[in-house]
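Down below is the structure, laid out as structure tokens.
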2 protein chains.
Amino acid sequence: MTISEENYLKVIYHLSLVSPKGVNTNAIAGMLDTKASSVTDMLKKLSEKDLVAYQKYQGVTLTENGFRSAKMIVRKHRLWEVFLVEKLGFAWDEVHDIAEELEHIKSETLINKLDEYLDFPAFDPHGDPIPDVNGVMKKVNKLLLSEVEINKEYQCVGVKDSSSEFLKYLDKQKIALGSTFVVKEKESFDDTLLVEVNSKQITISNKIANNLYVQ
Amino acid sequence: MTISEENYLKVIYHLSLVSPKGVNTNAIAGMLDTKASSVTDMLKKLSEKDLVAYQKYQGVTLTENGFRSAKMIVRKHRLWEVFLVEKLGFAWDEVHDIAEELEHIKSETLINKLDEYLDFPAFDPHGDPIPDVNGVMKKVNKLLLSEVEINKEYQCVGVKDSSSEFLKYLDKQKIALGSTFVVKEKESFDDTLLVEVNSKQITISNKIANNLYVQ
DNA sequence: ATAAATTTTTAGTTTTGTCTAAATTTTTAT
DNA sequence: ATAAAAATTTAGACAAAACTAAAAATTTAT
């Protein structure tokens, strides 16, 4: 598989989690920063290789083969992110682009040895689950901070948006995976939250609360 | 720089060490398993980017830019090899192909953090010197085993051929970096050596002796 | 010194992945 | 229900990096 094919598969995988009925050409083009016509071309190729089920104008889904391959790419990406943060000391907002390159390194043995070296982590530095050697992921019953009950205690277990800007904002607020949250008040006008984090009270916008997973 | 351009630079670098006056088109084609005509095309491109000095029919040399870039690729390759052997437990004959892919990962920060994580190694698992962040390599006064004096003690410090077949042969003979050699006899007919290694006497062909560096 | 052999370059194609522009299909809105 | 809008596909082109076959330059051998 070429790097380009792998990137398409990965994007289709991520979009499938949101639209399991079929992923749009335009959505794929948007994620890959390319044109819809290029996407059509690639979907035909992936279809011929039995990695996606593609019907003109009807969107695309992953075949079993494609799903397995996509999960292996995600596995590589997330394991490399763990390596970069845990072993090399990168911050959690610095690792995405490097992992985008590392995920395309071909060796199976490499990734399994890396997995072992990292002690078989189940989650990456952003709280996303890492598929094991068989593609199985730990399932977590997580909620968005925007959906939690008032005055109950929650732990931060992940971020929905892992852009550098958002992660840096969290760093500034001293919010990290494992931080304890208690929502004290919810402003009904704009859904802004008054939250206790690290025994300090801060105000959190609805946009932020919609991108923080807790448990 | 594309992966292909990087591979050409690396090969020209290695061939330059043997033919500093200029590297042949055919030699490059041989190393890259490609055709001479493809090499000509690429040399024109590298020349336009001021990475090589190229004159039709006259071979090619690296410019200062090209030399610097080539050394950085070699640095990456060798640091990744150290990582694979020291941290992930690969054997020294298994790492070359994986490092060929890893050497093309773009981040400067990554490679400098990896260097630090590995404790700034000066040599890779085959005894080849690793350029530091400024491109400087430790120089070693090494000899080929085929050139040493009789009954003097030497240490194995590297291999000239790092093909899997040769390295596996060395494993079988329990020869590794650091092994002590004493040449007891040299057969003048075919230059076969009788060598004491690990306090056992073994016979070593001239071809083998020509691929083992000692000090 | 010149012919033969070798090496290198040129010219013209191919493949992969992209693009633009135009055509077609599907969806949305009246 | 049909026209307008949006999404998608097709057709044709391009750049990168490779190839083959033929031409040109250099080297070698007599």
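First the proteins, then the strands, lettered A, B, ... as listed; each starts at 1. For the numbers below, each heavy atom of this structure counts, side chains included, while hydrogens, waters and symmetry mates do not.
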Just to verify, what does B/Thr109 make a side-chain hydrogen bond (donor to acceptor under 3.5 Å, both in side chains) with, not counting sequence neighbours? none
Side chain of [X] (C-beta onward), nearest among [options]:
X	options	answer
B/Lys35	C/dA21, D/dA18, D/dT20	D/dT20
B/Thr40	C/dT8, C/dT26, D/dT9	C/dT8
A/Met42	D/dA18, D/dT10, C/dT18	C/dT18
A/Tyr57	C/dT26, D/dC19, C/dC19	C/dT26
B/Ser4	D/dA18, D/dT9, C/dT18	D/dA18
A/Ala36	C/dT18, D/dT9, D/dC19	D/dT9

Let me know the distance between [atom1] of [X] and [atom2] of [N], rounded to the nearest Å.
X	N	atom1	atom2	result
A/Leu43	D/dT8	CG	P	10 Å
A/Glu5	C/dT16	CD	P	9 Å
A/Glu48	C/dT15	CD	C1'	14 Å
A/Lys49	C/dT15	NZ	C1'	12 Å
B/Lys44	D/dA18	NZ	P	15 Å

Within 45 degrees of the ring normal and closer than 6.0 Å to the centroid, is that where the cationic atom of B/Lys87 sits relative to B/Tyr117? yes
Say whether A/Asp161 and A/Ser163, considering side chains only, have a donor N or O and an acceptor N or O under 3.5 Å apart. yes
For the pair A/Asp115 and A/Arg75, find out whether any cationic side-chain nitrogen is under 4.0 Å from an anionic carboxylate oxygen.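 Looking at A/Arg75 together with A/Asp115, the answer is yes, because their closest N to O distance falls below 4.0 Å.
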Indicate yes or no for a side-chain donor-acceptor contact from B/Glu6 to the backbone of B/Ile73 under 3.5 Å, with no hydrogens or angles considered.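 It does not hold such a pair.
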Contact list for DNA chain D against residues 11-28 of chain A - heavy-atom distance below 4.0 Å: A/Asn24, A/Thr25, A/Asn26
Applying side-chain hydrogen bond (donor to acceptor under 3.5 Å, both in side chains), which residue pairs with at least one partner in residues 120-145 of chain A are found, sequence neighbours left out? A/Glu81-A/His126
Strictly below 4.0 Å: does B/Tyr8 bring a side-chain N or O up to OP1 or OP2 of D/dA18?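 For D/dA18, OP1 or OP2 has a side-chain N or O of B/Tyr8 closer than 4.0 Å.
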Could you tell me whether the phosphate oxygens of D/dC19, OP1 or OP2, come under 4.0 Å of any side-chain nitrogen or oxygen in B/Ser37?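 Answer is no, no contact under 4.0 Å.
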Would you kindly compare A/Gln58 and B/Asp41 by the position of their nearest DNA chain C nucleotide and give the one closer to the 5′ end?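 First, find each residue's nearest nucleotide; the 5'-ward one identifies B/Asp41.
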Donor-acceptor pair present, A/Thr2 side chain and C/dT16 base, under 3.5 Å: no
Of B/His77, B/Glu5, B/Glu103, the residue whose pairing with B/Lys10 passes side chain to side chain donor-acceptor pair (under 3.5 Å):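 So, applying the side chain to side chain donor-acceptor pair (under 3.5 Å) to B/Lys10 and each of B/His77, B/Glu5, B/Glu103, only B/Glu103 qualifies.
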